[in-house]
Amino acid sequence: MKKPNPPLSKPSASTSAKPPAGMAPRKSRWAPPPAGAAPGPAGDKAASTSRRTPTPTRSSNARRHPAPTGPAPAPAPQARNPASPAAATRPPPHQQPRVETPPPPPYGFHNLDRRTIHLADGTVRTYFALPTDYPFEPAPLPQLPHFPRAGPEAWPPHQPPPPQQFPPHDKRRHPADPEEGFSRHPKQPRFEPPPHQPSQMQQPPVDRQALGKAFLKYSKMLNENPAQKRIYLEGGRVQCLPCGRSSKDFADVHGLVMHAYNPPNADSFVDHLGLHKALCVLKGWDYTKVPDNSKAYQSLPPDLVRANREDLIIWPPTVIIRNTATGRKKDGRSEGLGNKEMDKKIAELGFAGGKSKSLYGKEGHLGLTLIKFANNPSGLKEAERLAEFFERQDHGRVGWSRAQATHNLDPDTNPMLVETDSRGEKKRILYGCLAISSDLDELDSDSRKRATVKSIKEFDPSD
């Protein structure tokens, strides 16, 4: 029996090695088409395809299922993608604008450099990158629209803009309410002075007489307590006497001076100013300058410091006579000139009206004698005469400071404390000065309690 479909003959080697004449050799799709090759018509492409594709043969299944006879109905064309509503408004392909394909980039793989990078794990990786000297051409920036610049005549410098007018403020209704039609004015930041700058408080009118009394009052308070005076002079935490604020609020006397010059309220304004001046006189500072952080007020010439301190005298007028101790007794207590002996010496010097008071302590005579005069202008004049007498002999306050510098010498043989007269007897050299406020800590408790402080420059006999 003859087979219906004989097997196809195998192509020869010459046929498989050389393609048919009508079929072009296959090229890579990334390679450009060969020069001079023109695309053929669609019929040629179909013919070439039919020659390459073998005609299918009928299999044995065709006997069991014979093909239907008669003309076959044409299948209905089905759209691959249904038309969208926007396709109705799209112009036909031949009327659409031609889109030009952008040119390929001016560089290719042959322009890249092979580079290597060493990773942290020890491996080496390669990558490609453009060379560092590749000539890039930056894209030009679009030109901005040109606007004419305003000349000087647009806003003359000599004509400032008119000030903005705001309606008067109504307490019952804010000016920014919508019915008023005004725009809300932005809130201004609240100005608060820095901590180092004093607040500008509205200062009440100062009574000069009350201020002077407050100054004298606090001058006595600062000097009558030896321990308190030492704290103010040596520095440290101090206390405000007018308002009683603790020493924790002030690190030093400068902080207290700033507080006293700028008191927290107006009720104690006079007392704080009096304390400010008393502190400056005690420390030797210039109370006429406004205290600030530069502390320039703390520099004052020594002669002015001495003048400010010696202006505050103790009242009743008192002259302090020093070096009145004569020796020691057998029990070791110190002895010195008594009240009657000092009255006799003062009378021999030609001064009358004074009353002597020798000061004693636990160890006996302290070597100090107070000569108190009457609390009137004549008593002040007599006390000043006695102080000037010692000053002319260089035995005043400055002379006593020089004698104190030789305290390491024997007081019985010190030439600044003991002298020998014409008869060969040793006599004590007396030093005297008018008692001032800084001498209050040397007085006895009864004298400190009864004494007051007065200013010679502002002396008022009626007080």
*Are Tyr297 and His254 close enough, and set up right, to give a side chain to side chain contact (heavy atoms under 4.5 Å, CB included), and what steps lead you there?*
CA-CA 10 Å; Tyr297 69 98; His254 170 69; 2.6 Å; yes
*Do Leu370 and Ile320 pass the side chain to side chain contact (heavy atoms under 4.5 Å, CB included) test, and can you show the C-alpha distance, the side-chain angles, and the key distance before you say yes or no?*
CA-CA 5 Å; Leu370 306 181; Ile320 300 179; 3.9 Å; yes
*Give every residue pair that meets the side-chain hydrogen bond (donor to acceptor under 3.5 Å, both in side chains) criterion with at least one member in residues 327-349, sequence neighbours excluded.*
Asn339-Ser358, Asp343-Ser356
_side chain to side chain donor-acceptor pair (under 3.5 Å) partners of Thr324, counting only residues at least two apart_ = Thr369
*asked:* Any side-chain to backbone donor/acceptor pair from Asp311 onto Asn308? Under 3.5 Å, distance only.
replied: no
*Polar side-chain atom of Arg397 near backbone of Leu434 as donor-acceptor pair, under 3.5 Å*: yes
*asked:* Between Asp439 (side chain only) and Glu442 (backbone N and O only), is there a donor and an acceptor less than 3.5 Å apart?
replied: no
_Looking at Glu458 and Arg208, is there a salt bridge between them, counting it only when a charged N and a carboxylate O are closer than 4.0 Å?_
no
*Please confirm whether the backbone N or O of Gln298 pairs with a side-chain atom of Lys283, one donor and one acceptor, at under 3.5 Å?*
no
_Stepwise side chain to side chain contact (heavy atoms under 4.5 Å, CB included) check, Trp285 with Leu279_ = CA-CA 8 Å; Trp285 297 340; Leu279 284 172; 5.9 Å; no
_Side-chain donor or acceptor of Lys229 paired with backbone N/O of Leu282 under 3.5 Å_ = no
_Using the rule ring-ring contact (aromatic ring centres under 6.0 Å, His included), only one of Trp400, Phe390, Phe389, Tyr431 pairs with His395; which is it?_
Tyr431
*For Lys355, does the NZ atom have more than 12 heavy-atom neighbours from other residues, nucleotides or ligands under 6.0 Å away?*
no
*asked:* For the CZ atom on Arg385, are there more than 12 heavy atoms of other groups (residues, nucleotides or ligands in this structure) within a distance under 6.0 Å?
replied: yes
_What verdict does the side chain to side chain contact (heavy atoms under 4.5 Å, CB included) test give for Ile371 and Phe351, after you've listed the backbone C-alpha separation in whole Å, the side-chain angles of each residue and the deciding distance to 0.1 Å?_
CA-CA 11 Å; Ile371 309 298; Phe351 300 95; over 6 Å; no
*Can you tell me which residue pairs pass the side-chain hydrogen bond (donor to acceptor under 3.5 Å, both in side chains) test with a partner in residues 117-130, sequence neighbours excluded?*
Asp121-Thr123
*asked:* More than 12 heavy atoms of other residues, nucleotides or ligands under 6.0 Å from CD of Glu425: yes or no?
replied: yes
_Please check: side-chain N/O of Arg428 versus main-chain N/O of Leu417, any donor-acceptor pairing under 3.5 Å?_
no
*Assign the ring pair His259 / Phe250 to parallel, tilted or perpendicular, where the plane angle (0 to 90°) is split at 30° and 60°.*
tilted
